[in-house]
> 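What follows is a single structure, and I will ask about it in a moment.
Only this structure's heavy atoms are used, side chains among them; waters, hydrogens and symmetry mates stay out.
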Amino acid sequence: MIKNNKQLTLTRKRIDEFSDAIGKLQTEKPKFSPLLAKAQIDALICQRDELTQQAEEYEHLLSGDLVVFDVNNISDLPKALIMARISMGLTQKELAERLGMKEQQIQRYENTEYNSASFKTLVSIVEALDLKITEDVFLPKESREKNILLSKLNDAGLDRTFIEKRVAPRDLMPFDYGLWVEKTVKKLSSIFGWTKELLLGDAPLVIGRDGSMVARFKMPVGANEVYTSAYTQYAYSIANIAATNCTLDKNTIPQEYNVVREALLETYGEITFESILSYVTRLGVPVISLNDSGAFHGATWRIQGRNIIVLKQKSRHTSKWMFDLLHELYHASQSPEQEEFSVVELSETSDERRNDQEEIDANNFAAKVLLGENADSYIKECFKNANGKIAWLKNSVIQVAEKYHLDCGVLAYQVANQLDAISKKTGNKANWWGAAHNLQTNTCEPNILCFENLISHINLERLNHQSRELIEQISSD
């Protein structure tokens with residue numbers, strides 16, 4: 001929120017900078033795929049429009065046309081006080097003089113939206129501004145609907161940031177609340193099946209308990225079950241769009257690690273994230289990458305006979321992506337006779353997941369594809385050479401990787417995972433993940449690769465506008 005004329009000037013300058021950058025990108029030849037370039041431009045437009053909205057709101061306040069400011073609850077009062085001061089044409093200095101304070105104190109209060117101010121101070125400001133506060137709220141109907149919708153979605157586990165980034169339309173002008181609500185409601189209906197009446201009514205929103213959305217393991221302590229359920233439904237909807245519009249031929253997925261490893265080496269000459277992604281794609285399995293925090297760790301769905309893998313990874317370390325993709329590929333190879341299939345995995349460090357036999361098999365499958373049949377012996381040799389001293393483990397991993405011509409990053413992650421399992425079993429706390437991270441190298445941008453690979457194998461022309469936007473927005477940062 002803009003609070004003074006100096007901030008308005010700076011904001012207008014930023015708007016011009018964004019407009020210049022957008023114009024440049026629109027005239028340049030895209031460095032990435034046209035769809036990814038469009039997503040980048042849309043993101044800049046979204047940021048510029050947000051600043052434009054702030055500037056227009058401030059200038060609207062300065063006009064003095066507003067006489068009522070709406071608050072949804074008491075926490076919105078500080079912002080209403082700032083808006084009232086601006087609308088009355090008072091500077092921060094003039095308000096400070098009325099209160100017998102220094103201008104800097106009012107600036108500090110407003111910069112934090114009165115976070116440090118006492119209730120007594122707030123009352124003094126209300127009196128200094130000669131405001132009348134009632135229990136009534138008088139918002140424009142369309143703006144009121146948007147606030148109601150965002151509030152209900154937040155209660156259902158979907159916060160404003162997620163909605164704006166992944167669901168809400170990005171091609172609207174500021175203050176176009178009515179169209180924003182209309183388009184957002186349509187997308188939400190396609191994802192969750194909620195009607196407009198339910199979304200804007202008084203009844204709470206409930207996430208369905210479809211079997212395909214149920215997590216493989218129970219929620220860990222402290223997990224946000226409401227958010228996890230809502231986000232899983234969103235991810236399944238993206239997977240469903242990909243599954244029903246995929247142009248890839250479906251092929252049998254091998255269940256033996258040696259078959260996969262040999263195919264990778266024979267076809268590509270090396271095992272990298274790029275080669276694994278290409279191999280999985282040739283099997284007819286679209287791979288979706290999501291980078292939102294929390295919810296689940298990874299998922300594999302089979303929808304109308306089509307396997308879909310969803311990776312959720314904030315890290316850019318390719319060895320982690322390689323392991324996760326192969327882990328999910330193992331799940332996709334199971335129960336091939338089933339037309340519908342679901343594995344939604346929560347925390348990779350949970351005891352229940354570690355002790356599940358299919359999870360153990362999936363981990364072993366991924367490790368042996370990456371390191372070969374002697375994967376276990378390589379890991380044991382790392383511990384043996386370290387002689388029980390964690391401080392020596394880093395050099396030991398480097399030496400073993402060089403000795404057997406292994407990917408040091410992949411081996412480091414397996415050693416860290418094994419040490420974590422030993423620590424949980426013995427009760428001796430030892431965390432080697434930081435050292436493992438330091439041994440990683442980034443040979444590509446996995447998230448971008450997955451997105452470009454996905455859209456190149458989806459029939460975009462068949463998608464309706466809502467589905468296409470949902471697919472495009474999974475790459476937004």
> Using ring-ring contact (aromatic ring centres under 6.0 Å, His included) as the criterion, list what pairs up with H457, not counting sequence neighbours.
none

> Taking all heavy atoms of S124 and all of L99, pick out the closest pair and write down the distance.
O-CD2, 3.6 Å

> Can any side-chain N or O of S87 pair as donor or acceptor with the backbone N or O of M83 at less than 3.5 Å?
no

> Donor-acceptor pairs under 3.5 angstrom involving side-chain atoms of residues 13-20: please list them, not counting sequence neighbours.
| from | atom 1 | to | atom 2 | distance (Å) |
| --- | --- | --- | --- | --- |
| S19 | OG | I15 | O | 3.0 |

> Going by heavy atoms in the side chains, are I303 and Y236 under 4.5 Å from each other?
yes

> Can you tell me which residue pairs pass the salt bridge (charged side-chain N to carboxylate O under 4.0 Å, His left out) test with a partner in residues 108-124, sequence neighbours excluded?
R85-E110

> Go through the structure and list residues passing ring-ring contact (aromatic ring centres under 6.0 Å, His included) with F323, not counting sequence neighbours.
none

> Could you pull out the closest heavy-atom pair between G284 and L248, with the gap in Å?
CA-CB, 3.9 Å

> Could you go through N154 and S151, starting from their C-alpha distance and side-chain angles, then the distance that decides it, and tell me whether this counts as side-chain hydrogen bond (donor to acceptor under 3.5 Å, both in side chains)?
CA-CA 5 Å; N154 188 68; S151 177; over 6 Å; no

> Indicate whether the side chain of Q313 and that of N291 have a donor and an acceptor atom separated by less than 3.5 Å.
no

> How about E56 and H60: does a side-chain donor come under 3.5 Å of a side-chain acceptor?
no

> Step through the shown structure and confirm whether more than 12 heavy atoms of other residues, nucleotides or ligands are within 6.0 Å of CG on N438.
yes

> Is there side-chain contact between L454 and I474, with at least one heavy-atom pair below 4.5 Å?
yes

> Is there a side-chain contact between I163 and D159 (heavy atoms, below 4.5 Å)?
no

> Search all heavy atoms of K165 against all heavy atoms of Q473 and return the closest pair with its distance.
O-NE2, 3.2 Å

> Mind checking what makes ring-ring contact (aromatic ring centres under 6.0 Å, His included) contact with F451, not counting sequence neighbours?
none

> Would you check if there is a donor-acceptor pair between the side chains of H331 and E359 at a distance under 3.5 Å?
yes

> What class does the angle between the rings of Y413 and H437 fall in, given that below 30° is parallel, 30 to 60° is tilted and above 60° is perpendicular?
perpendicular

> For the pair F365 and H327, evaluate side-chain contact (heavy atoms from CB on, under 4.5 Å) and give the outcome as yes or no after the intermediate values.
CA-CA 7 Å; F365 174 87; H327 178 102; over 6 Å; no

> Mind checking what makes side-chain hydrogen bond (donor to acceptor under 3.5 Å, both in side chains) contact with S293, not counting sequence neighbours?
none

> For the residue pair W432 and N417, establish whether any side-chain heavy-atom pair is separated by less than 4.5 Å.
no

> Do T247 and N459 get their side chains close enough for a donor-acceptor pair, meaning under 3.5 Å?
no

> Run the side-chain contact (heavy atoms from CB on, under 4.5 Å) check on R306 and W301 step by step: do they pass?
CA-CA 8 Å; R306 169 80 66 183; W301 280 292; over 6 Å; no

> When rounded to the nearest 0.5 angstrom, what distance separates CG in L188 from NZ in K186?
13.0 Å

> Taking only residues two or more places apart in sequence or in another chain, which ones pass side-chain hydrogen bond (donor to acceptor under 3.5 Å, both in side chains) with S315?
H317

> Using only atom types and a distance under 3.5 Å, with no angle test, would you say the side chain of R462 pairs donor to acceptor with the backbone of N245?
no

> To the closest 0.5 Å, what do you measure between CD1 (I276) and CG (D324)?
10.5 Å

> Nearest 0.5 Å, what's the CD1-CD1 distance between I241 and I458?
8.0 Å

> Any Lys/Arg nitrogen of D292 or R166 sitting under 4.0 Å from an Asp/Glu carboxylate oxygen of the other?
yes

> Mind running side-chain hydrogen bond (donor to acceptor under 3.5 Å, both in side chains) on T300 and N307 for me, showing each step along the way?
CA-CA 7 Å; T300 299; N307 288 296; over 6 Å; no

> Taking the side chain as C-beta and beyond, is there a heavy-atom pair between L172 and K183 under 4.5 Å?
yes

> Kindly indicate whether the side chain of R170, heavy atoms from C-beta on, has any atom under 4.5 Å from the side chain of I45.
no

> Could you go through the side-chain contact (heavy atoms from CB on, under 4.5 Å) check for F192 and L158 one step at a time?
CA-CA 12 Å; F192 300 100; L158 301 167; 3.6 Å; yes

> Under 4.5 Å between any side-chain heavy atoms of V310 and E328, yes or no?
no

> Would you check if there is a donor-acceptor pair between the side chains of T121 and S118 at a distance under 3.5 Å?
yes

> Just list the side-chain donor-acceptor pairs under 3.5 Å for residues 36-44, sequence neighbours left out, or say none.
| from | atom 1 | to | atom 2 | distance (Å) |
| --- | --- | --- | --- | --- |
| K38 | NZ | D42 | OD2 | 2.9 |

> Do you know which of E94, K93, E97 makes side-chain contact (heavy atoms from CB on, under 4.5 Å) with E103?
K93

> Using a 3.5 Å distance criterion without hydrogens, assess whether the side chain of K187 forms a donor-acceptor pair with backbone atoms of V167.
yes

> Is the NZ or CZ atom of K3 positioned over Y58's six-membered ring, under 6.0 angstrom from the centre and within 45° of the axis?
no

> Is a donor from one side chain sitting under 3.5 angstrom from an acceptor on the other, for N240 and S237?
no

> With rounding to the nearest 0.5 angstrom, report the CD1 to CG distance, I238 to L290.
7.5 Å

> List for me each residue that meets ring-ring contact (aromatic ring centres under 6.0 Å, His included) alongside F273, sequence neighbours excluded, and say none if there are none.
W321

> Quick one about T91 and N4 (side-chain donor to acceptor, distance below 3.5 Å, no hydrogens or angles considered), yes or no?
no

> Taking all heavy atoms of I288 and all of A239, pick out the closest pair and write down the distance.
CD1-CA, 3.6 Å

> Look up atom CG in L470 and atom CG in L463, then write down how far apart they are to the nearest 0.5 Å.
10.0 Å

> Measure from the side-chain N and O atoms of S229 to the backbone N and O of V226, and report whether any donor-acceptor pair falls under 3.5 Å.
no

> What's the verdict on side-chain contact (heavy atoms from CB on, under 4.5 Å) for E358 and Y330, showing C-alpha distance, side-chain angles and the deciding distance?
CA-CA 9 Å; E358 187 173 326; Y330 178 83; 4.0 Å; yes

> Applying salt bridge (charged side-chain N to carboxylate O under 4.0 Å, His left out), can you list everything that pairs with R12, at least two apart in sequence or on another chain?
E59

> Any heavy-atom pair between the side chains of L129 and L90 that's under 4.5 Å?
yes

> Would you please name every residue forming a side-chain hydrogen bond (donor to acceptor under 3.5 Å, both in side chains) with E164, sequence neighbours left out?
none

> Return the minimal non-hydrogen interatomic distance between L200 and E145, and the atom names on each side.
CD2-O, 3.9 Å

> Can you list everything that forms a side-chain hydrogen bond (donor to acceptor under 3.5 Å, both in side chains) with R316? Sequence neighbours excluded, please.
E445

> Looking at OG of S342 and CD1 of I308, how far apart are the two atoms once the value is rounded to the nearest 0.5 Å?
12.5 Å

